Amino acid sequence: MKANFNVQLYKNRKNVWLVSFSLCLISIIGMLICLKSTSIKAPLNLGLDYTGGTQITLERICIDECINLNTSDISNNIIALKNQDKNFSSNTSPNLTRSQIQLLDNSQLISIRLPFLSADQSESVVAEVNKSFGPFNNENTSVEIIGPSLGKQLFKSSLISLLFAFLGIALYINFRYDRRYSFLALFALLHDILIVCGAFAWLGYFFNVEVDSLFAVSLLTIAGYSVNNTVVVFDRIREKSLIENQLSFKYQIDKAVGATLTRTLYTSLTTLLPLICILIWGGSTLYWFAFALVIGVITGSWSSIALAPSLLSITSNKDFD
């Protein structure tokens, strides 16, 4: 049987707190910048699922290989519609400058995400893009519309799901351990969620990365993963406090973290491997979902083996000498 790692967590607890505090501060700053941004106006760059809008997907017909396109040319072409097409002549027509265009599968697929459009306006956009950048396969042309009210409902449902997940986790840990453990597990969980949201706030601000319903799913997955790791570490700390009660509590924590460190690292690595494969070969649909999970797994492992146990040391009334 391999020996446990000699961890000196209590000795280095201030360094752990500094790292976590710095990451949380950077995350909060990113979310505040997005909130003040005139183009985003929210802590995160909310996608079509939450704001409502229209997504148009077009498949180009290419003989051998599709010629590369420039997204700015497509965007300028769509913006010009507002002054040229009668369907956009009214004052209530959407602001077409709020568009996001992606070129997928070596420029064979064009994905256009716009504010809410009527059926006539959507047809005008398809016709204009087809005229300048076609021909397209009409059978594979798709137009998906999500109304603003549905987007708000999805956003509200996502928040309620996260809230109930946090509440269920708190009740479980409070029943399994005590309020102190429950509070620290929730604190570590909020730490992980905040860092993931902060990363996507900066990505949304600099690279226009949007969060959608899959992002909410990733947060729920991260919550379960983070708490699972934290519970394992807390359980080992409780076991050490019963078996080796002659040691001071800080040594019990260090020994418990050392005993679970290998297990946590192996679990994290085996979780990261398929996520990295999805990042490389999973396509654009799952890319940011997998990216969020990668950040969540890393931060969840950090908070479980470093942050939560180090905070447990200052909340205990036990002897630390």
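Computed from a prediction, not measured in an experiment: that's the story for all the values here.
- Counting all heavy atoms, side chain and backbone alike, I40 lies closest to C34 at CB-O, 3.6 Å.
- Hydrophobic clustering (side-chain heavy atoms under 4.5 Å, transitive across Ile, Leu, Val, Met, Phe, Trp, Tyr) groups L190 together with V19.
- Pairing each heavy atom of L44 with each of A201, the nearest pair is CD2-N, 3.6 Å.
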M31/L194 under side-chain contact (heavy atoms from CB on, under 4.5 Å): CA gap, chis, key distance, verdict: CA-CA 10 Å; M31 295 171 72; L194 178 60; 3.9 Å; yes

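- Summarising the geometry, atom CZ belonging to R236 is positioned 5.0 Å from atom CD belonging to E239; distances are rounded to the nearest 0.5 Å.
- To the nearest 0.5 angstrom, L35 atom CG is 13.0 Å from I28 atom CD1.
- Linking Ile, Leu, Val, Met, Phe, Trp and Tyr whenever their side-chain heavy atoms come within less than 4.5 Å leaves L273 and I295 in two separate clusters.
- Annotation: side chain of L46 is in contact with side chain of V211 (closest heavy-atom distance under 4.5 Å).
- Under the 4.5 Å side-chain heavy-atom criterion for ILVMFWY residues, a single connected hydrophobic cluster contains both I237 and L265.
- Linking ILVMFWY residues whenever their side-chain heavy atoms come closer than 4.5 Å, directly or via other members, leaves L25 and L18 in distinct clusters.
- For the pair S226 (side chain) and A223 (backbone), a donor-acceptor distance under 3.5 Å is absent.
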side-chain contact (heavy atoms from CB on, under 4.5 Å) assessment of S122 paired with L114: CA-CA 10 Å; S122 299; L114 296 162; over 6 Å; no

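- Expressed to the nearest 0.5 Å, how far CG of L167 lies from CD1 of I160 amounts to 13.0 Å.
- Of all heavy-atom pairs between N12 and Q8, the closest is ND2-O, 2.8 Å.
- V297 is linked by a side chain to side chain contact (heavy atoms under 4.5 Å, CB included) to Y225, S268, T271, L272, L275, S301, counting only residues two or more places apart in sequence or in another chain.
- Atom CZ of F164 is separated from atom CG of L220 by 13.0 Å, given to the nearest 0.5 angstrom.
- Between D192 and G300 the shortest heavy-atom distance is OD2-CA, 3.4 Å.
- If you run side chain to side chain contact (heavy atoms under 4.5 Å, CB included) between I195 and each of L23, I298, I26, only L23 comes through.
- No side-chain heavy atom of I305 sits under 4.5 Å from any side-chain heavy atom of N229.
- Distance OG1/T221 to CZ/F289: 5.0 Å, rounded to 0.5 Å.
- Using bins of under 30°, 30° to 60° and over 60° for the plane-to-plane angle, the ring pair F200/F215 lands in the tilted bin.
- Cluster partners of L163: none. The rule joins Ile, Leu, Val, Met, Phe, Trp and Tyr whenever side-chain heavy atoms lie under 4.5 Å apart, and it links nothing here.
- Residue L203 is not grouped with residue L32 when hydrophobic side chains (ILVMFWY) are merged at heavy-atom distances under 4.5 angstrom, including chains of intermediate members.
- Listed by chain and residue number, H191, W302 satisfy the side-chain hydrogen bond (donor to acceptor under 3.5 Å, both in side chains) test with S20 (two or more places apart in sequence, or in another chain).
- Between W202 and Y205, the ring planes lie perpendicular to each other; the angle is over 60°, past the 30° to 60° tilted range.
- Looking only at side-chain heavy atoms (C-beta outward), N208 and N45 come within less than 4.5 Å of each other.
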Step-by-step side chain to side chain donor-acceptor pair (under 3.5 Å) determination, S111 to T57: CA-CA 5 Å; S111 175; T57 305; 4.6 Å; no

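- Nearest heavy-atom pair, V16 versus S310, reported as atom, atom and distance to 0.1 Å: CG1-OG, 4.0 Å.
- Using the six-membered ring where Trp is involved, F291 and W288 have ring planes that are perpendicular, over 60° apart on the 30 and 60° scheme.
- Looking at I193 and L189, their side chains come closer than 4.5 Å, going by heavy atoms from C-beta outward.
- Between P309 and L9, the shortest heavy-atom contact is CB-CD2, 3.5 Å.
- Between L312 atom CG and L184 atom CG the span is 6.0 Å, to the nearest 0.5 Å.
- Taking the ring axis of Y10 as reference, the NZ or CZ atom of R13 stays within 45° of it and closer than 6.0 Å to the ring centre.
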Check against side-chain contact (heavy atoms from CB on, under 4.5 Å), L219 and V196: CA-CA 8 Å; L219 293 183; V196 174; 4.0 Å; yes

